[in-house]
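Here is how names work: the chains are called A, B, and so on, in the same order as the sequence lines, proteins then strands, and each is numbered from 1.
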Amino acid sequence: MSSPSSTQGAPLAPEKRETFSSRKLFILSAVGSAVGLGNIWRFPYVAYENGGGAFLIPYLVAILCAGIPLLFLDYAVGHRYRGSAPLAYRRLNRKAEVLGWWQVLICFIIAIYYAAIIAWAAMYCWFSITKAWDKNPDGAGAFFQSDFLKVAPEAGVGFDFVGSIFVPMILVWLVTIVIMVAGVNKGISRANAVFMPLLIVMFAILVIQSVFLPGAIDGLNAFFTPDFEALKNPTVWAAAFGHIFFSLSVAFGIMVTYSSYMKRKSDLTGSGYVVAFANSGFELLAGIGVFAALGFMAHNAGQSVDEVATSGIGLAFIAFPTIVSQAPLGAVIGVLFFGSLVFAGLTSLISILEVIVAAFQDKLGWRRTPATLIVSIPVAVISLLLFPTTTGLYLLDTMDAFVNQFGILACALVIVIVLGSGLGALPKLAKHLNRHSSIKLGTGWKVLVGGVGPAALGYMLINELQTKMSEQYSGYPAWFNGIFGWGMAGALIIGAVLLSLIPWSKNSKLDDPEFHQHQKNVIAEEVPEKAGKEY
Amino acid sequence: MSAIAIIFMIISMLTIWGGLVVALINLSRHPEKTDDDVIEPAHTL
């Protein structure tokens with residue numbers, strides 16, 4: 001990583017900070033970020049496992065009491081302080097910069113393994129046509145583990161590369177870097193404006209096709225039948241809060257970064273509600289599509305839906321290939337499903353990478369292209385060294401589990417405590433959100449962010465700490481989880497502290513005249529406007 | 001599909017997709033405002 005002192009002779013930034021050219025493009029990009037792999041392969045099973053139809057109640061409570069309030073917190077910080085995560089938090093309070101770098105490093109970890117899953121999904125689009133998994137007599141699971149990933153027998157780190165993953169991963173990184181170099185308007189906005197409508201149309205066709213499969217109704221019956229007893233179980237409520245939290249991409253630094261590109265007079269809360277409900281709307285569609293397909297799979301195997309229901313990698317790369325092989329027009333189902341994973345994944349990967357690119361762009365004060373390349377190429381190289389290997393799956397599994405819980409969740413908890421109780425920033429941020437927004441926030445928002453937020457996040461984190469400490473994650477060796485799980489999560493904090501200690505040079509965006517102008521405008525607008533002037 | 005499952009399917013669709021429609025209607029009633037400087041930039045003064 002370059003220090004600011006290395007910017008001598010580097011291309012400095014004469015250009016203005018980019019803004020999304022319209023509200024529609026911001027919303028599309030924010031939805032593109034929120035709708036990721038989790039919406040497709042995680043939500044359906046979480047809902048099914050935690051009360052089926054009755055899960056709607058804790059789910060809606062979690063959206064309204066934690067998801068949307070925390071989303072608004074991210075919007076307020078990014079939009080008020082108009083910077084990447086480290087810069088925005090630093091402008092809020094000098095000592096808070098470290099929180100932004102923590103988020104940048106979390107995004108680095110997620111980016112390096114996310115690209116691998118997108119590459120797998122891209123390959124499975126092709127396999128859906130060739131039905132490559134049919135050649136393995138032990139089924140799609142054996143094909144995935146042995147033939148495709150060539151998984152080593154024991155967890156470890158090796159550099160036995162698998163060409164059929166390495167090549168698509170290079171392509172994923174090339175596409176992503178091209179989009180990132182093009183910038184906020186020509187890259188991120190355009191990519192989302194193309195990929196998101198495509199994703200929605202493809203997924204809608206997939207759902208329609210799935211619900212007409214034999215047995216689909218049994219799947220939907222299992223998915224929507226409510227189990228009211230589940231609502232008495234606190235773990236069901238924790239599952240709802242946990243799912244919403246990860247699904248909405250709050251506390252990753254993504255929404256801080258994206259909202260910093262919104263125009264000053266943006267309707268932050270009105271846009272936020274659209275993003276949150278669009279994300280949930282897609283999840284519901286995914287639940288219907290996935291369980292209709294699982295209903296068909298159960299029907300074909302003469303099993304109950306309960307026996308075939310699964311989530312994550314097992315759902316996408318083992319259950320779905322089986323469905324593709326058995327269903328009428330299975331190849332179409334496969335291309336639509338895995339194509340949806342690719343587009344949902346790409347739009348999320350772009351947003352994750354933008355957190356890192358924007359942070360370094362601000363700190364170095366460089367123009368878009370050199371800043372993007374200096375960040376994206378090393379990230380891509382690390383990703384390509386670690387994940388298209390025979391040990392990549394183990395690494396991905398452990399890093400994903402630990403970065404989610406002891407990265408994102410822990411960081412979110414620290415942020416709500418620091419901003420709520422430590423710095424007392426919530427009244428100022430609420431005032432900022434209310435300035436131009438259609439839905440005004442009151443004391444309720446401050447209570448939800450400063451009270452309910454820490455309580456819910458704290459409960460989840462303690463639960464996770466107990467689970468992870470009581471047994472070795474996935475049965476991997478202690479040294480492996482120690483280094484790539486606990487060690488990695490700890491290293492993110494140490495790295496964040498070190499990065500925050502690097503001084504901001506005069507070339508950086510810290511004293512950007514454009515921000516001072518923004519600040520003056522924001523302060524001038526703090527004078528209450530006359531009634532009726534706004535609209 | 002059982003009656004209770006159908007009811008919960010409809011409730012889920014109405015609350016979540018309905019919520020999206022309400023949010024979109026709210027947004028469309030509040031058109032985008034243009035950013036003009038409240039305080040003129042120093043160089044134009």
Side-chain angles (χ1 to χ4, degrees), chain A residues 19 22-24 27 47 52-57 59-60 63-64 217-226 263-267 269-285 287-288 436-439 513-514 516-527 534-535, chain B:
Chain A
T19 48
S22 75
R23 182 167 71 183
K24 199 167 77 185
I27 291 173
F55 184 70
L56 180 70
I57 296 161
Y59 180 76
L60 284 176
I63 293 177
L64 298 172
I217 298 299
D218 299 332
L220 294 180
N221 199 35
F223 183 62
F224 283 111
T225 300
K263 289 174 184 164
R264 196 179 77 252
K265 292 188 177 178
S266 294
D267 181 351
T269 58
S271 306
Y273 269 100
V274 173
V275 172
F277 276 94
N279 176 61
S280 295
F282 189 87
E283 284 189 334
L284 179 61
L285 197 64
I288 295 169
H436 295 291
S437 290
S438 57
I439 300 161
E514 205 188 323
H516 292 306
Q517 178 63 30
H518 167 80
Q519 181 93 329
K520 279 181 195 166
N521 286 324
V522 165
I523 292 167
E525 283 169 352
E526 276 177 2
V527 180
E534 288 267 294
Y535 310 117
Chain B
M1 255 177 114
S2 65
I4 188 91
I6 294 173
I7 291 169
F8 267 82
M9 182 174 80
I10 293 169
I11 295 174
S12 303
M13 288 171 171
L14 284 178
T15 47
I16 296 176
W17 293 341
L20 176 60
V21 171
V22 171
L24 282 169
I25 292 171
N26 169 66
L27 202 64
S28 67
R29 284 190 183 160
H30 297 90
E32 277 188 90
K33 294 180 235 177
T34 46
D35 277 6
D36 46 350
D37 286 322
V38 177
I39 301 288
E40 289 301 310
H43 59 87
T44 61
L45 288 175

Can you tell which part of [X] gets under 4.5 Å to a heavy atom of chain B, answering side chain, backbone, both or neither?
X         : answer
Tyr59(A)  : side chain
Leu285(A) : both
Ser22(A)  : both
Ser271(A) : both
Leu56(A)  : side chain

Validation row: [X], [Y] side chains within 4.5 angstrom (heavy atoms):
X        : Y         : answer
Ile16(B) : Glu283(A) : no
Val22(B) : Tyr273(A) : no
Arg29(B) : Ser438(A) : no

Which of Gly53(A), Gly281(A), Pro226(A) touches chain B most, by non-hydrogen pairs under 4.5 Å: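 Of the candidates given, the most pairs with chain B belong to Pro226(A).
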Please round to the nearest 0.5 Å and tell me the distance separating atom [atom1] of [X] and atom [atom2] of [Y].
X        : Y         : atom1 : atom2 : result
Phe8(B)  : Leu220(A) : CZ    : CG    : 15.5 Å
Lys33(B) : Lys263(A) : NZ    : NZ    : 13.0 Å
Trp17(B) : Leu284(A) : CH2   : CG    : 5.0 Å
His30(B) : His436(A) : NE2   : NE2   : 13.5 Å

Engaged part of Ile11(B) at the chain A interface, taking heavy atoms whose separation is under 4.5 Å: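 Its backbone and side chain both get close to chain A.
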Heavy-atom proximity to chain A below 4.5 Å, by part of Thr34(B):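 When you check distances to chain A, only backbone atoms of Thr34(B) fall under 4.5 Å.
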Leu27(B) and its side-chain contact (heavy atoms from CB on, under 4.5 Å) partner, picked from Ile439(A), Thr269(A), Asp267(A):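 Passing option: Asp267(A).
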Shortest non-hydrogen contact from Ser2(B) toward Asn221(A):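 Taking Ser2(B) first and Asn221(A) second, the nearest heavy atoms are N-OD1, 3.0 Å.
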